[in-house]
Amino acid sequence: MAALLEIRDLGVEFRTPAGVVKAVNGVSFDVGRGEVVALVGESGSGKSVTALSVLQLIAQPPGRIAGGRVLFEGCDLLALDEAAIRHVRGRRIAMVFQEPMTSLNPVLSIGRQMTEALRLHLGLSAAAARQRAVALLDQVGIAEPQRRLRQYPHQLSGGMRQRVMIAMALSCEPELIIADEPTTALDVTIQAQILEIMQDLCRRLGVALLIITHNLGIVARYADRVNVMYAGRIVESGPAAALYRRPAHPYTVGLLNSVPRLDRPRGRPLEPIPGSPPDLHLLPAGCAFAPRCSLAEAPCRIAPPPLRALGDGQASACFEVERLLAGVPA
Amino acid sequence: MSGRAQAGQAPAGQVQAGRGGEALVELRQLRKYFPVRGGILFGRTVSQVKAVDGVSLSIGRSETLGLVGESGCGKSTIGRCLLKLEAPSAGQVIFDGQDIAGLDRSATKALRRRVQAVFQDPYSSLNPRMTVAEIVGEPLLVHGVEPGAAGRRRRAGQLLELCGLSARLIDRYPHEMSGGQRQRVGIARALALRPDFVVCDEAVSALDVSIQAQIVRLLEDLRAELGLTYLFIGHDLSVVRHISHRVAVMYLGHLVEVADTDSLFDDPRHPYTQALLSAVPVPDPEVERHRPRRIVEGEIPSPMNPPPGCVFHTRCPLADEVCRRQVPALEPLGAGRAVACFKAGPAAVPA
């Protein structure tokens with residue numbers, strides 16, 4: 001059976017004063033029904049641009065979809081016109097962004113914003129929409145939903161606003177929620193609350209979740225499958241358990257060695273990845289990670305390695321993956 | 001009077017510097033209240049934000065004290081009081097035996113040579129119109145350490161190399177550098193006057209994971225090489241644990257727990273510390289699958305209107321009537337540990 005969302009060979013470019021930048025370069029991955037998929041990477045890796053492209057939310061210009069397809073239940077979302085994509089946005093694929101304050105309208109009450117979408121997309125009456133909004137707020141753990149509906153975004157805390165965003169995302173019963181760093185701006189105890197509620201609701205309602213994050217802990221706790229991005233490409237993908245147990249790309253290994261872990265004894269020195277993330281204007285001809293990679297050989301500097309399947313659903317874009325895996329105890 | 005006030009005078013509440021050394025920095029019942037003004041023309045003070053409400057702490061020489069807590073807990077305000085960027089509303093900040101509030105102008109200037117800061121966002125803390133040479137050399141000029149331009153430039157080059165940057169970057173502007181490079185410039189500037197004590201306020205929080213690890217390594221190397229003392233303020237518990245000798249946990253202006261890093265993380269005693277640790281996901285799906293999750297409920301109350309009694313009682317699973325009425329004092333539990341909780345029992349069997 002085909003996946004719910006299939007991204008195939010997606011390319012996104014941005015025109016900048018210093019030339020055209022390929023922010024996303026040949027990205028392909030799937031999100032299955034009810035599945036939690038993570039897109040991990042550091043700033044500039046192209047993870048957010050990939051997510052925004054799904055709903056045609058890249059400003060054009062300066063951005064441009066350079067190629068590829070985004071199939072949602074077989075229909076190419078990139079081929080839809082503005083009117084058609086609007087039926088998908090919010091209704092079938094919803095988004096949750098990092099900063100809920102900027103995605104909520106500051107001059108409209110929470111109730112107005114929630115019921116507007118319900119009336120527009122689901123054709124509910126004002127009373128029915130209000131009733132549904134109350135139920136939704138209750139579902140995301142907001143106490144006194146009636147009172148909250150009368151309030152404005154600035155009257156809510158950051159965690160509360162993100163709960164409202166999740167309630168709004170769920171309001172039209174979408175099949176997929178794309179969450180772009182949904183808890184990065186929140187305190188740890190609130191972050192945990194929000195992620196638990198998202199996971200719980202997605203499971204219960206069978207909604208698939210594409211979560212974009214830089215936090216490897218969040219990925220480990222919540223994702224079924226992971227795609228690691230570097231300089232606009234997916235460098236490794238696979239089931240979360242396999243990818244963490246046996247990372248198959250030197251960049252993934254480097255990321256995991258860069259973060260201190262609470263479950264391990266202290267005192268082990270961090271092993272940072274040397275060098276800096278690449279300048280997308282000046283990408284090398286070969287593997288973008290080669291300048292920082294201790295395993296890089298001559299072929300790595302000639303052409304970018306393709307993503308190759310390793311079995312068990314894991315795939316790596318590294319010419320030296322056999323050497324890497326041989327050096328890692330299984 | 002509450003137990004907290006007594007703790008300030010008695011050595012009981014004063015958590016001694018770890019590592020057996022004498023204290024370089026001491027906070028004694030530090031309070032910092034910010035007025036909230038209301039009414040026309042911002043005239044009247046209508047209430048107060050109790051950003052820091054009676055914190056006593058000490059930091060030993062060459063020690064790194066981690067200070068953690070969520071937004072509004074007062075951790076950055078403590079850093080700013082130590083830097084003499086804020087004047088305490090009550091209590092004292094003692095640096096090397098002297099109350100810094102009592103210092104005159106020239107003594108304050110001398111203090112500023114010994115106490116430096118590295119902030120979160122190197123982009124907004126570096127002047128965009130100055131080159132790296134000027135940024136790193138400025139403290140040397142201001143303090144009259146190196147009046148000659150050539151000498152300052154030479155020293156700036158040395159400092160850059162100390163911080164792992166090529167001296168070739170010396171004529172660059174901040175916008176021409178990456179985030180990691182800018183943070184190295186910020187550290188080089190902080191070290192220009194050979195300080196004893198550096199306040200690192202979320203110094204690695206804005207950086208990407210791979211760069212964050214580089215900067216943490218750099219801070220550790222510099223500490224070893226130069227014998228620096230750090231106050232490392234952060235919200236990423238795994239990073240704070242990695243770099244700190246001791247860790248203090250704050251919640252809503254109060255210190256709730258202080259202990260050696262290993263004791264705090266292996267056996268957290270305050271329910272808030274336990275909640276914080278449980279909230280941090282570990283980057284390993286196998287571990288995560290079996291780890292019990294104790295997700296603390298509720299929101300962080302506003303510091304403008306903190307709850308009576310223990311400030312954590314509104315979210316605490318153990319809270320009872322006493323916690324709602326009385327403020328728990330920071331009580332020593334032995335082995336350098338202190339906890340402000342009526343429910344925290346004696347220490348578990350020491351390892």
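Chain A is the first sequence line, chain B the second, and so forth, proteins listed ahead of strands; every chain is numbered from 1. Since the model is a prediction, treat every value here as computed from it, not as a measurement.
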Quiz prompt | Part of B:Ser71 lying under 4.5 Å from any heavy atom of chain A | solution = both

Quiz item: Is it the backbone or the side chain of B:Glu288 that comes under 4.5 Å from a heavy atom of chain A, or both, or neither?
Solution: side chain

Quiz item: What part of B:Ser302 lies closer than 4.5 angstrom to a heavy atom of chain A: side chain, backbone, both or neither?
Solution: neither

Quiz item: Do you know the tightest heavy-atom contact between A:Gln191 and B:Pro281?
Solution: NE2-CD, 4.3 Å

Quiz prompt | chain A interface, residue from B:Ile215, B:Val296, B:Ile243, B:Asp236 that has the most non-hydrogen pairs under 4.5 Å | solution = B:Val296

Quiz item: Of all the residues in residues 143-156 of chain A, which have a heavy atom that comes within less than 4.5 Å of a heavy atom in chain B?
Solution: none

Self-check item: Residue part contacting chain A, namely of B:Arg241, when any heavy atom lies under 4.5 Å
Solution: both

Quiz item: Among A:Ala192, A:Gly158, A:Ala220, which residue forms the greatest number of heavy-atom pairs with chain B at distances under 4.5 Å?
Solution: A:Ala220

Practice problem: Go through the atoms of B:Gln214 and report whether side chain, backbone, both or neither lie under 4.5 Å from a heavy atom of chain A. | Solution: both

Self-check item: Region of A:Glu196 that comes under 4.5 Å of a non-hydrogen atom in chain B
Solution: side chain

Quiz item: Do we see a donor-acceptor contact under 3.5 Å between the side chains of A:Glu236 and A:Thr252?
Solution: yes

Quiz item: Do B:Glu257 and B:Arg337 sit within salt-bridge range, that is, some charged N less than 4.0 Å from a carboxylate O?
Solution: yes

Quiz item: If you count heavy-atom pairs under 4.5 Å between each of A:His214, A:Met160, A:Glu271 and chain B, which one has the most?
Solution: A:Met160

Self-check item: Residues from residues 276-283 of chain A approaching chain B under 4.5 Å (heavy atoms)
Solution: A:Ser276, A:Pro277

Self-check item: Close contacts, residues 179-186 of chain B versus chain A, judged by heavy atoms under 4.5 Å
Solution: none

Quiz item: Quick one: does B:Leu160's side chain get under 4.5 Å of B:Val132's, heavy atoms only?
Solution: yes

Quiz item: So what's closer than 4.5 Å to chain A heavy atoms on B:Val280: side chain, backbone, both or neither?
Solution: both

Quiz prompt | Nearest non-hydrogen partners of B:Ala279 and A:Val188, listed with the distance | solution = CB-O, 3.6 Å

Quiz item: Without hydrogens or angle criteria, can the side chains of B:Glu202 and B:His235 be said to hold a donor-acceptor pair below 3.5 Å?
Solution: yes

Quiz item: So which of B:Asp262, B:Asp266, B:Leu237 has the largest heavy-atom pair count under 4.5 angstrom toward chain A?
Solution: B:Asp262

Practice problem: Taking salt bridge (Lys or Arg N to Asp or Glu O under 4.0 Å) as the test, write out the residues that go with B:Arg172, two or more places apart. | Solution: none

Practice problem: May I ask you to decide if B:Leu219's main-chain N or O and B:Tyr230's side chain share a donor-acceptor pair within less than 3.5 Å? | Solution: yes

Practice problem: May I ask you to say whether A:Arg225 pairs ionically with A:Glu35, meaning some side-chain N is under 4.0 Å from a carboxylate O? | Solution: yes

Practice problem: Give a yes-or-no answer on whether the side chains of B:Ser210 and A:Glu42 include a donor-acceptor pair shorter than 3.5 Å. | Solution: yes

Practice problem: Taking all heavy atoms of A:Ala167 and all of A:Leu137, pick out the closest pair and write down the distance. | Solution: CB-CD2, 4.0 Å

Exercise. Tell me, out of A:Leu262, A:Leu186, A:Ile273, A:Ile190, who's got the most heavy-atom pairs with chain B below 4.5 Å.
Key: A:Leu262

Quiz item: Which of parallel (below 30°), tilted (30 to 60°) and perpendicular (above 60°) describes B:Tyr272 and B:Tyr251?
Solution: tilted

Quiz item: Is it true that the side chains of B:Thr261 and B:Arg246 contain a donor and an acceptor less than 3.5 Å apart?
Solution: no

Quiz item: Do B:Arg223 and B:Thr64 pass the side chain to side chain donor-acceptor pair (under 3.5 Å) test, and can you show the C-alpha distance, the side-chain angles, and the key distance before you say yes or no?
Solution: CA-CA 9 Å; B:Arg223 173 178 68 196; B:Thr64 297; 2.6 Å; yes

Practice problem: Decide whether A:Gln98 and A:Thr184 meet the rule of one side-chain donor and one side-chain acceptor closer than 3.5 Å. | Solution: no

Quiz prompt | B:Glu70 and B:Lys75: CA distance, side-chain angles, deciding distance, salt bridge (Lys or Arg N to Asp or Glu O under 4.0 Å) verdict | solution = CA-CA 8 Å; B:Glu70 300 179 284; B:Lys75 57 190 192 298; over 6 Å; no

Quiz item: Just checking, is any N or O donor in the side chain of B:Arg269 or B:Gln274 under 3.5 Å from an acceptor N or O on the other one?
Solution: no

Practice problem: Would you check, one step at a time, whether the test side chain to side chain donor-acceptor pair (under 3.5 Å) holds for B:Ser205 with B:Gln120? | Solution: CA-CA 6 Å; B:Ser205 306; B:Gln120 170 168 4; 4.9 Å; no

Quiz item: Which bit of A:Val219 comes within less than 4.5 Å of chain B, counting heavy atoms only: side chain, backbone, both or neither?
Solution: neither

Quiz item: Going by distance alone, is a donor N or O of one side chain under 3.5 Å from an acceptor N or O of the other, for A:Thr189 and A:Asp187?
Solution: no

Quiz item: Would a distance-only check, ignoring hydrogens and angles, find a side-chain to backbone donor-acceptor pair under 3.5 Å from A:Asp312 to A:Gln314?
Solution: no

Quiz prompt | Proximal component of A:Arg268, with respect to chain B [non-hydrogen, under 4.5 Å] | solution = backbone

Quiz prompt | Toward chain B, the part of A:Tyr251 with a non-hydrogen atom under 4.5 Å | solution = neither

